[in-house]
Enquirer: 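Have a look at this one.
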Amino acid sequence: MPALRLRAFAKINLGLRILGRRPDRYHEIRTIYQSVSLADALEVSIGSRPGGIVVEADDPTIPSGPENLVYKACKLWRRARGLSRQIRIKIEKSIPAGSGLGGASSDAAATLLALERLTNNRLPLGNRLALACELGSDVPFFLVGGRALGCARGGEIYPLHDLPARHCLIVFPGFAQSTAEAYAAASSQLTGTSRSGSMSSFGMWPQFPWEGWEPAENDFESIVFAKWPELQRLKPQLLRAGAEMVSLSGSGSAVYAILDSARKLTSARARVPPSWRSFAVETLSRAQYWRRMFAR
């Protein structure tokens, strides 16, 4: 049974603006995705005989059946390529679930790439991205990596030039944030005035880090910080430790800090409550993202 090991990297959001509700009842957003080196490890294998899909994770809270995004990725890929052999996926989790770091989406995208490599049966890029969009709004980004602009529901991806590498401190407080609940709360705060969903609306976004590591605005912060004030109190502490920018990632609950030295990262990490999880990682360029994904 051939097997392939690979890494599924996390992402942070360098700003996230909710422009309004779409006709399909999803939200029109703009965000800048950035890959970081925190990663899950996957082992993907394909049997020699017909069989089903088996997903195993070392985290007992991760579902193993059809509700798992990796399972759904296998099912969609089998349908698209006509594969009937058994697929087995083992997942070693490092990216916390419910953190806004895209762990499930990254695992699903990595699964699609692994199945293509194992079978040497590659989808055209457009078909691959279409499958990714079926799986979830963040999944297409993980087929690009590095730094990229996300539009529409987040799955319309435009690669951006990479910024200079930085240290990144990710803080997970231990409580998960439901994305669906966060968007429901955001909907209740939207006014009746519709914001433009066109590319020309770029100019209305204050504080998006287009050319450098600059402050970024995330519309979910007011929702998540109201729910967990201790996260709001952490943000100025990380800034005082020397962070260039501090923000919520996605819809939370993880907060990240971008720092230009290991010394500042150590200082910032010392301000994190000891009962919370923190990860000292680094930002990844697009080339690093692809080089490290399949590295042994």
Enquirer: Salt bridge or not between E43 and R88? Use side-chain N to carboxylate O under 4.0 Å.
Expert: no
Enquirer: Look at the side chain of S35 and the backbone N and O of G146, then say whether any donor-acceptor pair between them is shorter than 3.5 Å.
Expert: yes
Enquirer: Go through the steps to decide whether K11 and S106 satisfy the test side-chain contact (heavy atoms from CB on, under 4.5 Å), and finish with yes or no.
Expert: CA-CA 8 Å; K11 58 83 178 168; S106 185; over 6 Å; no
Enquirer: Has the side chain of R30 got a donor or acceptor atom that lies under 3.5 Å from a matching backbone atom of G150?
Expert: no
Enquirer: Check the hydrophobic clustering (I, L, V, M, F, W, Y; side-chain heavy atoms under 4.5 Å; chains of links allowed) and say if V139 and L6 are grouped together.
Expert: yes
Enquirer: Rounded to the nearest 0.5 Å, what separates atom NE2 in H161 from atom CG in L163?
Expert: 5.0 Å
Enquirer: Could you walk me through whether Q177 and I223 pass the side-chain contact (heavy atoms from CB on, under 4.5 Å) check?
Expert: CA-CA 11 Å; Q177 170 64 58; I223 296 165; 5.6 Å; no
Enquirer: Hydrophobic clusters here meaning ILVMFWY residues chained together by side-chain heavy-atom distances under 4.5 Å, can you tell me if F225 and I18 are in one?
Expert: yes
Enquirer: Judged by modelled atom types alone, do Y158 and E156 share a side-chain donor-acceptor pair under 3.5 Å?
Expert: yes
Enquirer: Are the side chains of P164 and R166 in contact, using a 4.5 Å heavy-atom criterion?
Expert: yes
Enquirer: With rounding to the nearest 0.5 angstrom, report the CG to CZ distance, L231 to F172.
Expert: 10.0 Å
Enquirer: Atom CD1 in I95, atom CG in D107: separation rounded to 0.5 Å?
Expert: 6.0 Å
Enquirer: Taking all atoms of both residues into account, what is the closest heavy-atom pair of P140 and G155, and its distance?
Expert: CB-O, 3.6 Å
Enquirer: Salt bridge or not for R21 and E28, using N-O below 4.0 Å?
Expert: no
Enquirer: NZ of K90: more than 12 outside heavy atoms within 6.0 angstrom?
Expert: no
Enquirer: Please lay out, stage by stage, how M245 and L14 fare under the test side-chain contact (heavy atoms from CB on, under 4.5 Å).
Expert: CA-CA 9 Å; M245 60 184 295; L14 309 180; 4.0 Å; yes
Enquirer: With a 4.5 Å cut-off on side-chain heavy-atom distances among I, L, V, M, F, W and Y, is there a chain of contacts connecting I89 to I62?
Expert: no
Enquirer: Between K72 and E134, is there a side-chain N and carboxylate O pair less than 4.0 Å apart?
Expert: no
Enquirer: Do L101 and I12 pass the side-chain contact (heavy atoms from CB on, under 4.5 Å) test, and can you show the C-alpha distance, the side-chain angles, and the key distance before you say yes or no?
Expert: CA-CA 6 Å; L101 299 170; I12 56 177; 4.1 Å; yes
Enquirer: Would I87 end up clustered with V54 when hydrophobic side chains under 4.5 Å apart are linked, directly or stepwise?
Expert: no
Enquirer: For L234 versus V272, what's the shortest heavy-atom pair and its separation?
Expert: CD1-CA, 4.4 Å
Enquirer: If you round to the nearest 0.5 Å, how far is CH2 of W77 from CG of L83?
Expert: 5.5 Å
Enquirer: Given 3.5 Å as the limit, does a donor-acceptor pair link the side chain of R286 with the main chain of G145, or not?
Expert: yes
Enquirer: Do R233 and E230 touch side chain to side chain, with heavy atoms closer than 4.5 Å?
Expert: yes
Enquirer: When R81 is tested against each of L115, N127, L123 for side-chain contact (heavy atoms from CB on, under 4.5 Å), which residue passes?
Expert: L123
Enquirer: Take atom NZ of K235 as the centre, draw a 6.0 Å sphere, and report whether it contains more than 12 heavy atoms from other residues, nucleotides or ligands.
Expert: yes
Enquirer: Which heavy atom of N68 sits nearest a heavy atom of V70, and at what distance?
Expert: OD1-N, 2.7 Å
Enquirer: Give the minimum heavy-atom separation between Y33 and G154, together with the two atoms involved.
Expert: OH-O, 3.0 Å
Enquirer: Under 6.0 Å from the CZ atom of R263, do we count more than 12 heavy atoms belonging to anything else shown?
Expert: no
Enquirer: Report yes if the side chains of Y256 and V246 come closer than 4.5 Å at any heavy-atom pair, otherwise no.
Expert: no
Enquirer: Any side-chain donor paired with an acceptor under 3.5 Å for S278 and R269?
Expert: yes
Enquirer: Quick check: do V36 and F9 have side-chain heavy atoms less than 4.5 Å from each other?
Expert: no
Enquirer: Rounded at 0.5 Å granularity, tell me how far SG in C74 sits from CD1 in I53.
Expert: 5.0 Å
Enquirer: For residues Y289 and F142, establish whether the separation of their ring centroids is below 6.0 Å.
Expert: no
Enquirer: Between the side chains of T31 and N13, is a donor N or O closer than 3.5 angstrom to an acceptor N or O?
Expert: yes
Enquirer: Distance-only, no hydrogens or angles: does the E221 side chain make a donor-acceptor pair with backbone N or O of N218 under 3.5 Å?
Expert: no
Enquirer: Show the numbers, then the answer: is there a salt bridge (charged side-chain N to carboxylate O under 4.0 Å, His left out) between E92 and R5?
Expert: CA-CA 11 Å; E92 299 172 14; R5 287 189 61 85; 3.6 Å; yes
Enquirer: For P159 and V144, work out which heavy atoms get closest and say how close.
Expert: CG-CG1, 3.9 Å
Enquirer: Could you measure the distance from the CH2 atom of W213 to the SG atom of C168? Nearest 0.5 Å is fine.
Expert: 7.5 Å
Enquirer: Looking at L284 and Q34, what are the two nearest heavy atoms and their distance?
Expert: O-NE2, 3.0 Å
Enquirer: Within the 4.5 Å heavy-atom criterion, are R128 and E116 side-chain neighbours or not?
Expert: yes
Enquirer: Is the charged tip of R117 near the ring of F294: under 6.0 Å from the six-membered ring centre and within 45° of its axis?
Expert: yes
Enquirer: S105 versus L135: any side-chain heavy-atom pair under 4.5 Å?
Expert: no
Enquirer: Going by an N to O cut-off under 4.0 Å, is there a salt bridge joining D162 and R147?
Expert: no
Enquirer: Are any of the side-chain heavy atoms of W228 and P173 separated by less than 4.5 Å?
Expert: no
Enquirer: Within the side chain of S285, is there an N or O that forms a donor-acceptor pair under 3.5 Å with the backbone of Q288?
Expert: yes
Enquirer: With a 4.5 Å limit on heavy-atom distance, are the side chains of S64 and E56 in contact?
Expert: no
